[in-house]
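To find a chain, count down the sequence lines: A is the first, B the second, and so on, and within it residues start at 1.
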Amino acid sequence: MPLKILFFSGKSPLGIVFSGNKQCLRSFCSADSTAENMHNITELIRNQHWSKLRTHFSSTSPKTLLQQLINSEADPDLVLRYFNWSTKELKLFHPLELTCRLLQSLAAAKKYSKMRNFLHRFVQNESFHSVPSIFHAVSVSNDSLCINSIIVDMLVLAYAKNMKHNLGLEAFKRAGDYGLKLSSLSCNQLLSLLVKKEKFEEVEYVYKEMRRRRIEFNLISFNIVINGLCKFGKLNKASDVIDDMKLLGILPNSITYTTLIDGYCKKGKIGKMYKADAVLKDMVENGIQPNERTFNILIDGFCKDKNLPAAMKVFDEMKSHGVTAGVVTYNSLINGLCVHGQLDEAIALRDEMMGLGLMPNVITYNALIKGFCEKKMLDKARELFDDISKQGMVPTVITYNTLINAYCKDGKMEDAFAWRDSMLDRGVLPDISTYNCLIGGLCSKGNVEEARKITNELRNKHLRADLVTYNILIGALCKEGESKNAAKLLDEMVKVGLSPSHVTYNTLMDGYCREGNLVAALNLRKQMEKEKMRPNIATYNVLIRGLCQKGKLQGANGLLNELLEKGLIPNQTTYEIVREEMMEKGFVPDIEGHLYNVSGTL
DNA sequence: CTAGGGTTAG
């Protein structure tokens, strides 16, 4: 009998070994006893007596135990605790259906933040589950639309927060198929992610679906969509949306206007800064106060538009609005001044900010160093470099790259390599840009051999040649009259998974032209178009010059017409070629006066 | 939900 008892108790659902006859029978026959055993188990879980719990697994598998816990409608917090422990310590993956039932019991108990955390980890660790299988499991394990909506809504949110836009979108679609309602919070997160990933058709789809499904479209939703339209360059449409939302009674806030201003600054065409400025006026008229971000965007926009006076004007306007300038504000201005070579003014601004108790950061110094480097004032650049450490800051890889680039451009390769060594000493790791600077420096000294040697050693430094590296080397080989070898590098880069850019093709094409190999150049153009890359104005410049130098002025003229037909805009180089190569040889370009009108100088 | 500053090829 005892043997039998043990046998049976061993097979009993909870695997609890009972000492006495009576209890044994109860364990079989009575639900009470099962409940009592379940109680014991949950107490073990509650007190996290995991090693004691483990002793039960000899008779009941951990997976079965989960099933039993869920069937017994135990406290969902404890089931969750057991679930987490068993996945972590036992490396278990529980069936989807049980996972769903756990979520459903958490939802019924309104344990929402625990659900969110759970799903967050679920999509991170178990993203191998397909969205359809998850939806299937959710729907078969419970038929409460309300509870399932909560789960699915949080699933969409979890996907969005984990940057899984495809899964998020799929879950969004399925939710519609299953008639489950999503919250605007989750939809907004998804929209935002789609904007970030530049999936504009999908943004539009979600937007339309949200309206169709009557999901509330709030201020934040509008701000996200406006941002998407801006990033996509649809600025007029973005403006229209602002009018639309007003009509719906949703008033734009500072974020809405700031977003549109940024759109104009970065994606606007002609007169973009004028329009950006107009949005600011509009904003103020509508009673919305611009903040530091708003002004920073405008100031940087004007700086990038090479309109420093306008940038300074906005700077003053900012103060008159009672908005204080921050480090970013000063950095934008300092950078703008440096790019335009106004170094004294840049330094004066740095002093001004320090006087206000605003400490410049590494980025401030990087901008200043670059400014002095471009004026070949390397000693002054080095002084600024030393200031960084004196201020208790650490130069970044970009600081070093800026200096290394300057020394390379100045032909001082020993110094450049010394900088590389000193960055290693200070624990700042060189990146591929560092080596691109050095490789470029060696190439312009005609030391292509050494450049290639360094390129081949990149692997040992855990770095990989990138697009720029190849462009440098291809250019260098072409200059040496070794276009054939340059072409080999083109093949090589494709083989290692890099996509050649316009620069790549144009450089090699130029190399062929200089060797008088027009056939190869024109073939390369075909190859380029086969890779669905449209020749740009630089491509045409290279080919036109190549044809001219071969005396094929008629052919060059044909290309000139072609580029105009394609809507490409001739640049300074184009005009120089026409003037020097064609007109000086007494050839009059047959291009219906277009080029004459635009250039004015011909 | 909005931004902001820095490096390499031509």
Side-chain angles (χ1 to χ4, degrees), chain A residues 184-185 188-189 191-193 195-196 218-228 230-231 252-263 265-266 283 288 290-301 303-304 325-336 338-339 360-371 373-374 395-406 408-409 430-441 443-444 465-476 478 500-510 536-539 541-542 571 573:
Chain A
S184 40
L185 182 88
N188 285 347
Q189 289 278 350
L191 272 177
S192 172
L193 178 63
V195 167
K196 198 176 283 171
N218 57 25
L219 173 59
I220 296 178
S221 321
F222 276 112
N223 285 347
I224 296 168
V225 166
I226 288 168
N227 186 34
C230 285
K231 297 276 142 70
N253 64 2
S254 64
I255 296 179
T256 320
Y257 286 108
T258 302
T259 303
L260 186 59
I261 290 173
D262 188 52
C265 288
K266 300 208 172 55
M283 179 177 186
I288 308 292
N291 55 30
E292 194 200 324
R293 288 184 177 200
T294 319
F295 287 111
N296 285 348
I297 291 166
L298 261 178
I299 289 172
D300 193 53
C303 285
K304 297 266 153 69
V327 182
V328 176
T329 321
Y330 279 96
N331 283 352
S332 286
L333 287 166
I334 289 172
N335 185 51
C338 285
V339 166
N361 58 20
V362 180
I363 295 173
T364 321
Y365 283 99
N366 287 349
L368 288 166
I369 289 171
K370 171 109 192 288
C373 282
E374 269 168 7
T396 66
V397 62
I398 295 178
T399 320
Y400 282 102
N401 289 352
T402 307
L403 285 159
I404 289 174
N405 184 45
C408 286
K409 290 266 151 62
D431 62 9
I432 185 60
S433 300
T434 317
Y435 285 97
N436 285 343
C437 293
L438 293 166
I439 289 165
C443 285
S444 41
D466 67 0
L467 173 67
V468 178
T469 322
Y470 279 99
N471 287 347
I472 296 169
L473 290 172
I474 287 172
C478 285
S501 64
H502 279 99
V503 177
T504 321
Y505 286 112
N506 295 347
T507 307
L508 184 53
M509 230 175 261
D510 191 39
N536 60 15
I537 185 63
T539 317
N541 287 345
V542 166
N571 59 17
T573 309

*Just jot down the salt bridge (charged side-chain N to carboxylate O under 4.0 Å, His left out) partners of A:Lys304, sequence neighbours excluded, or say none.*
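For A:Lys304, the residues satisfying salt bridge (charged side-chain N to carboxylate O under 4.0 Å, His left out) (neighbours in sequence not counted) are A:Asp300.
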Nearest to the side chain of [X], heavy atoms from C-beta on, is which of [options]?
X	options	answer
A:Asn223	B:dT7, B:dA9, B:dC1	B:dC1
A:Asn331	B:dG10, B:dG5, B:dG6	B:dG5
A:Ile363	B:dA3, B:dA9, B:dG6	B:dG6
A:Ser332	B:dG5, B:dG6, B:dT7	B:dG5
A:Ile255	B:dT2, B:dT7, B:dA9	B:dT2
A:Arg293	B:dA3, B:dA9, B:dT7	B:dA3
A:Asn296	B:dA3, B:dG6, B:dA9	B:dA3
A:Val468	B:dT2, B:dA9, B:dG6	B:dA9

*Indicate the atoms forming the closest heavy-atom contact of A:Cys437 with A:Cys408, along with that distance.*
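Taking A:Cys437 first and A:Cys408 second, the nearest heavy atoms are O-SG, 3.4 Å.
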*Look at the side chain of A:Ser192 and the backbone N and O of A:Asn188, then say whether any donor-acceptor pair between them is shorter than 3.5 Å.*
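Side chain of A:Ser192 to backbone of A:Asn188, a donor-acceptor pair under 3.5 Å: no, none is there.
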_Taking A:Asn401's backbone N and O only, do any of them form a donor-acceptor pair with A:Asn405's side chain (distance below 3.5 Å, no angle check)?_
no
*Have a look at A:Val327 and say if it touches a base, only the backbone sugar-phosphate, or nothing, with a 4.0 Å heavy-atom cut-off.*
base
Between [X] and [N], is there a contact of a side-chain N or O with OP1 or OP2 at under 4.0 Å?
X	N	answer
A:Lys231	B:dA3	yes
A:Asn471	B:dG10	no
A:Asn227	B:dC1	no
A:Lys409	B:dA9	yes

